[in-house]
Every structure is written in C-alpha cells, then in structure tokens.
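Remarks on the structure that follows.
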Amino acid sequence: MVRILVSDAMSEEGLAPLLADPTIEVVQKKVTEVENELDTFDALLVRSATKVTEQLLQNMPNLKIVGRAGVGVDNIDVDAATRYGVVVINAPNGNTISTAEHTFAMMASLVRRIPQAHISVKSREWNRSAFVGVELFGKHLGIIGFGRIGSEVAKRARAFGMHVHVYDPFLTKARAEKIGVDVCTLDELLAQADIITVHTPLTKETKGLLGQKNLAKTKKGVYLINCARGGIIDEQALVSFLENGHVAGVALDVFEQEPPGDHPLLSFDNVIVTPHLGASTIEAQVNVATQVAEEVLKFLQGKPVTSSINLPTLSKDVYEKIQAFYTLARKMGIVASQYMSEPVQEIAITYSGSVADLETTFITRSLLAGFLKPRVASTVNEVNAAMIAKERGIAFSEKFSANGNDYNNSITLTVYGENKTFTMKGTHIAHYGDRIVHFNGFAIDFAPEGHLLYIQHHDKPGMIGKVGNILGDHQVNIATMQVGRQEAGGKAIMMLSLDKPLDDALVEILEKIDDIDVVKRLEV
Ligand SMILES: NC(=O)c1ccc[n+]([C@@H]2O[C@H](COP(=O)([O-])OP(=O)(O)OC[C@H]3O[C@@H](n4cnc5c(N)ncnc54)[C@H](O)[C@@H]3O)[C@@H](O)[C@H]2O)c1
Ligand SMILES: O=C(O)CC[C@@H](O)C(=O)O
C-alpha cells in the first residue's frame, strides 16, 4: 500500500483521484502529528505551511516525491531533495488567475483606500473627504516579472485603460511583441511607473530588488504591490520610503516572515495587507490540489510527470518514444559499471540513428543512474544521477550522429577509467528487445538481462567445453551463450546467461583455467 502524507490543508475535491485509489492510503495530518511514522510515507503533499527541510527529508527515507500545491517552492529544500533522489513537483498554473485577480483587487483597494474607508464606516464614521482616491485609468503600471501572473495582470490593466510597462530579463522580444507590452529596462520602469507590482520568484537576484537604491529611482507618490513573495521589496527600505512620504501606498499579500508579527509596516495607514491570500479561492485550491494529485498519481504509476522542478520535463508522447531507450541505457550503465570495477573519470555517450532525434537528457540520466547504482550507498535515480556523478568527479558528455552504424538506432557508451577504457554499444529492436551488439572491442549479440557471465579467453578449441563442464559440475545451468572473437586464434569472448548467480569460489575456479584472461559476473 502506497502512503501519502498531506500535511497542509488541501481541497478534498482536488485530492479525489488519490482518495479514490484503493492502493493508496492518504493521511491528512500535520508532520508533527505523524512523527513516529514519517519513514513509512512514499509521497508528501504540501502547500506553503510545511517546511520541507533537509532534516524532514532525512526523517522520511522512503519518500519518492514531494508535491507542492501551488507555484513557489521556497518552502522546500529542492537541492536537498535532489540529493536524496526525491522528485519535487508543483502546480504551476492552477492559481494564476486567482493571484492576478487578487493583485488587481489590491491595486484598486490601494488607490481608492477601500480598506481604510471600510474600517471608518464600520466605526460609525461618515468621512467622505478623507478617502479621495485616484483613477487607474491612464496610469502607468510597471510589472516586474512577466510570467504567468504578471501577464494576466497586464491583460486586466489594459482593460482598465492603463499603460503597461514590463521588466523581465528572461522575456523574449517575440513574446513581448505578441502580447503587445512595452518592454523596458528596470531603470526605465522605475522612472515611469505610477504603480509597481512584482511577480517574480524570490531568488538571489530578486531578493531586495526593490530596496533602498531602486526605490530611490521611483516617482514620488508611487504605489507598490507585492503579491509574489516577501522580500522582493525590502521591508526595511520600504519603511523608510513610507516615513519620508516618497511612497504613497503599499499593498502586501506576502511578507519576509509569515505571519509578520508586530511589524512596523503594519502601523502605516497607507499600507494595506492580506495574509497570503493570492491563491485562496475555491477554484485555485481545487485546481492546484487536482494538478498535484494527478501528477503524484502518474508518478507513482511510473508515468512521466510534466511539472517537475528537479527532473527534465517529459510529455506523454516523448516519454512513450524514449521509454525503450531509457531502459536500455539503464541496463548498459549497470553492466558497464560492473565491468569497469575501478575509478572512472568520464563517461561519453553517443546516440546514433533514430534515438539521436529524441529528448536524450532523460536517457542519459537513466544511464548514469544505472552506472552509479552499484557504486553509491544512497538512492540514485534520474533526479540526482547527474549531481552525484559530478560530486564523484565523473564527467559525462553526449554526442549525436544521424548514422546508426548498421542499426536503426544505437547507444554507444565509452567509460574512461584510470587504467583502461571500456566501450559497449546497445540497440533496441522493436518486438525483440534490448541487445548489446558490441562489447569491449568484440562484435557480439546478447540481451543485457539476468545473471551474466563474461569470459575473455584465447580462441582455442575446447574452451567452451571446459567452461560448460565446470558450470555443469556445479549445477549451474546455462540459459544462453554468445561468443565473439577478433580473429581466428586471437582474443575471444563468451557471454553466458545463467539461471543463477555464480559464487566467488566458482569464479576463482574459472579464472584458473589456462587461456582464460578475464572472468566477470554481471548482474542486471
Ligand atoms: N500570493 C500568492 O498566494 C501567490 C500565488 C501564486 C504565486 N505566487 C508567487 O507569484 C510569483 C510569480 O508566479 P508566476 O506563476 O507568475 O511565476 P512565473 O514563473 O510564471 O513567472 C515569474 C517571472 O519572473 C521572471 N523573473 C525571474 N527573475 C527575474 C528578475 N530578476 N527580474 C525580473 N523578472 C524576473 C521570470 O522570467 C518569469 O517570467 C512567484 O513568486 C509565486 O511564488 C504567489
Ligand atoms: O498555498 C497557498 O495558498 C499559497 C500559494 C502561493 O504562494 C504559491 O506560490 O503558489
């Protein structure tokens, strides 16, 4: 039974696909309520309240996936998750509209002073002259970060007759032209905007983006909005620009610390606030919970996920095309690692023929994971394989060739060790399966599966018989046997597939046979 911990409040309707699956047990409790059983969960679903720290990941050794029902993953230690081989997914667009609408509600409330007027009337006052606002029509709106939410805010702003200016260093000219917005530099935006709204993630670059220096470049009387992440507008700098009257008003849905406690910003009459409500609509909560539940279900069923933070994204179509090579590559990695039982510096992979046209990132990661698996104690999979290879000083490269070299498709793997180099080539043949067609300089044809025994020897009469007799005498049945040689009387190999693995003693007996140079067990 798969166990999923849902540790933050989430829409039941959204979780329905998981709740309906009889093979899954969904536990809806806080982390602190299940401390004794953390090691039993396969998946963890969170919103922003649960902090997925390295410590929590260590306490959940069985965890395979963390699903964030929302956009921002700043409450998840993604690097640590990657190291532990845990996939992190989010729900990137389920709350876009709600957050754009909330931003707009905040903007209108800010310039018309609606929250202040509301409190006044509720206090039995009727002071119309105290709440004179300004129109949005004709004003210049500066949008910093023009992704999903920023672009939805722009659409609404245009409907209100605003002039929209956008700053986003990653926005392509073509996309900006298509949407029809004025793309400008940050300095231009700061100088022109009457209202500035931020919609970036919180990163090293965006932390304090609107701080002392940049706030000084804004127009006197500017309004600021942050419905993205606390810290993009530096709170300390903001206090000083409110105190000196440069900033006319601020709308905040998010804070550097949440809840903000007794923060000085809360005492300004012209600062309006909400408690991180951007995504708090029935629709958004159903959307994000549904997205994340469907993705987690797909992942647990071994299907590709499309919204992963730390895995290459794969569509179903692409996944179906690469699946066979993904498996072949994994097996090649496992075989190569056992054959090259020494430190290696580099793994070079060449994709030839039809496989060269596919999305190979995932295939390469699969090969690396296979290679590293016999060498590392911790979990290694597509999520962390590239990182672990790097940590262990193993460089890897991909090359592509349109020519399949006698095969419709092939993957050639070259492993450079300290003392030797090893090469193998594999191909996938539809309705036939995975075949290794070149091994260590020999043309051969075997399936990389089960208990394999590789023997390198001198090409002399009677060698096959000697090996067969010894195995037979020790009750080891040979399922298949492939042979190859470079030239008559020269070096030759046998690749045997056995019904059971060989023990050390039998390997030693085989190694002692005259004219046998190498004996390797390969378990796939
Ligand atoms: N208040 C809420 O409840 C709530 C809800 C949803 C999302 N969010 C937050 O809103 C923000 C935006 O979400 P989104 O879905 O639009 O994300 P997105 O990834 O679609 O867009 C982010 C944009 O920011 C741009 N960007 C990155 N670095 C930048 C920089 N240094 N300067 C300018 N632009 C930069 C990116 O190019 C991208 O276009 C995120 O921080 C997200 O966590 C908040
Ligand atoms: O879970 C929430 O309500 C907040 C979500 C929001 O901050 C996000 O980044 O998606």
Side-chain angles (χ1 to χ4, degrees), residues 6-11 14 45-52 66-76 78 88-107 142-156 165-173 175-176 179 181 183-190 193 196-211 214 225-233 251-256 258-259 273-289 291-292 307 309 313:
V6 180
S7 61
D8 292 329
M10 247 174 245
S11 149
L45 267 55
V46 301
R47 277 175 66 187
S48 52
T50 302
K51 307 291 170 230
V52 186
V66 176
R68 160 72 163 108
V71 183
V73 286
D74 35 324
N75 56 321
I76 300 170
V78 178
V88 179
I89 59 160
N90 69 349
N93 47 26
N95 59 27
T96 301
I97 299 296
S98 290
T99 310
E101 287 182 358
H102 192 72
T103 305
F104 231 83
M106 291 293 255
M107 197 187 313
I143 301 180
I144 300 180
F146 202 65
R148 288 174 288 259
I149 297 168
S151 48
E152 287 298 327
V153 169
K155 283 187 204 161
R156 284 150 185 79
H165 312 275
V166 166
Y167 167 67
D168 187 327
F170 307 108
L171 179 66
T172 61
K173 256 207 163 113
R175 181 155 176 264
I179 304 168
V181 286
V183 181
C184 53
T185 63
L186 182 59
D187 279 355
E188 285 165 350
L189 182 148
L190 297 173
I196 298 173
T197 181
V198 294
H199 297 286
T200 68
L202 181 66
T203 62
K204 278 202 309 294
E205 289 73 30
T206 63
K207 191 168 187 327
L209 184 68
L210 293 189
N214 282 335
I225 303 164
N226 187 358
C227 290
R229 277 294 177 271
I232 300 172
I233 308 181
L252 299 174
D253 183 44
V254 287
F255 300 85
E256 286 174 17
E258 291 181 5
V273 289
T274 46
H276 204 143
L277 291 184
S280 290
T281 63
I282 290 167
E283 294 86 345
Q285 286 315 307
V286 172
N287 289 344
V288 291
Q291 276 181 14
V292 91
S307 57
I309 305 293
T313 297

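Ligands are counted one by one from 1 in listed order, and the atoms in each one are counted from 1 as well.
Of the charged side-chain nitrogens involved, at least one lies within less than 4.0 Å of a carboxylate oxygen, so that Arg156 and Glu152 count as a salt-bridged pair.
Residue contact check for ligand 1: Thr203 places no non-hydrogen atom closer than 4.0 Å to it. Within the structure, ligand 1 lacks Thr96 among the residues with a heavy atom less than 4.0 angstrom away.
Evaluated by nearest non-hydrogen atom to atom 18 (P) of ligand 1, the leading choice among Arg148, Met106, Arg68 is Arg148. With Ile149, Asp168, Ile143 as candidates, the residue nearest to atom 13 (O) of ligand 1 on a non-hydrogen basis is Ile149.
Evaluated for a side chain to side chain contact (heavy atoms under 4.5 Å, CB included) with His102, the options Ile149, Leu277, Thr281 yield exactly one hit, Leu277.
Of the N or O atoms in Gly147, one or more lie within a sub-3.5 Å distance of an N or O in ligand 1.
Which parts of ligand 1 touch Ala279 is read off a 4.0 Å heavy-atom cut-off, strictly below it: atoms 3 (O). For ligand 1, the atoms sitting less than 4.0 Å from at least one non-hydrogen atom of Thr206 are 28 (N), 29 (C), 30 (C), 31 (N), numbered in the order shown with element in parentheses.
Side-chain contact, Asn75 with Ser48: no donor N or O sits under 3.5 Å from an acceptor N or O.
In Arg68, the part holding a heavy atom less than 4.0 Å from any atom of ligand 2 is the side chain. Residue-level proximity to ligand 1 for Thr200 is carried by backbone and side chain together, each with a heavy atom below 4.0 angstrom.
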